[in-house]
**Q** 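Below you'll find the structure I mean.
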Amino acid sequence: MVTRGFSSGRKPPTDADARIPPGQYLEQGFPVLSAGPTPHVRAEEWSFTLKHGPRPIKKWNWTEFNALPLTRMTRDIHCVTAWTKFDTAWQGVLVDDILADAGIEPLSPFTLALSFDGYTTNVPTKDLTAGKAMVALLYEGKPITPDHGGPARLLVPHLYFWKSAKWLNGLQFTERDEPGFWELRGYHIYGDPWREQRYTGDP
Ligand SMILES: Nc1nc2c(c(=O)[nH]1)N[C@H]1C(S)=C(S)[C@@H](COP(=O)(O)O)O[C@H]1N2
Ligand SMILES: [Mo]
């Protein structure tokens, strides 16, 4: 069958094409990308600290953190190494609900995500609030496996996936946009996949 307008051999645009940012391909698996070895953090030794600069504001242990409201987020994710995965299904605690439990509004325009492996990544605070990001605890209904960042990882699905810090143990409000691990090594300070902000200097 020849579809009028697409008889030249080009594929007609599909709904899927519209969901794949420029330069990305659709991945069916779930690749693991880590800068170093996988830390194995047991629930009993896990904690999450909200900080304003060096000053801790509030700290939750695993039991306390799991008592916070759980929200579902099903989103497409985009890794800078060019894979896009559709409809990844997470449950976790919205950053909004963490701030509410601490009894605070955002304390500065920028936030640094902190991880057990020493990894950091910077995100403007407004990209973490208003339902945009969560600390994910479950992937497809099950605890997140250690290689994908369990017990808990940040999920900021509208930015390249390096912003979704695995093995998360804190969020730190910072006055300036302080580059994190990959941002110090040539990756874009913001990382919007729809604007193809892969490397430092990309528009
Ligand atoms: N703590 C920590 N978080 C991390 C990383 C890391 O090395 N350490 N790698 C980042 C990168 S570059 C990507 S693409 C995603 C990969 O997540 P995945 O392994 O679940 O696919 O995690 C991000 N979060
Ligand atoms: Mo990555």
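None of these values were measured; they are calculated from a predicted model. Each ligand, and each atom within it, is numbered from 1 in the order the structure gives.
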**Q** Dump the pairs for me: ligand 1 N or O, protein N or O, distance under 3.5 Å, to 0.1 Å.
**A**
unit_1	atom_1	unit_2	atom_2	d
ligand 1	1 (N)	Ser115	OG	3.3
ligand 1	1 (N)	Asp117	OD1	2.9
ligand 1	1 (N)	Asp117	OD2	3.2
ligand 1	1 (N)	Lys166	O	2.9
ligand 1	3 (N)	Lys166	N	2.8
ligand 1	7 (O)	Ala35	N	2.7
ligand 1	8 (N)	Asp117	OD2	2.9
ligand 1	9 (N)	Leu33	O	3.2
ligand 1	17 (O)	Arg153	NH2	3.1
ligand 1	19 (O)	Leu33	N	2.9
ligand 1	19 (O)	Lys166	NZ	2.5
ligand 1	20 (O)	His148	ND1	2.6
ligand 1	20 (O)	Arg153	NH1	2.7
ligand 1	21 (O)	Pro31	O	2.7
ligand 1	22 (O)	Arg153	NH2	3.3
ligand 1	24 (N)	Ser164	O	3.2

**Q** Would you say the ring centroid of Phe161 lies under 6.0 angstrom from that of His78?
**A** no
**Q** Side chains of Thr88 and Trp90: donor-acceptor distance under 3.5 Å anywhere?
**A** yes
**Q** Would the Tyr160 and Tyr187 ring centres measure less than 6.0 Å apart?
**A** no
**Q** Does a side-chain heavy-atom distance below 4.5 Å link Asp87 with Arg19?
**A**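 Yes, their side chains come closer than 4.5 Å.
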**Q** Under 4.5 Å side-chain heavy-atom separation, chaining through any Ile, Leu, Val, Met, Phe, Trp or Tyr, what else clusters with Leu114? Say none if it is isolated.
**A** Leu112
**Q** Within the 3.5 Å criterion, strictly below it, is a donor on Trp60 or Asp101 matched to an acceptor on the partner's side chain?
**A**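 The criterion, which ignores hydrogens and geometry beyond distance, is satisfied for Asp101 and Trp60.
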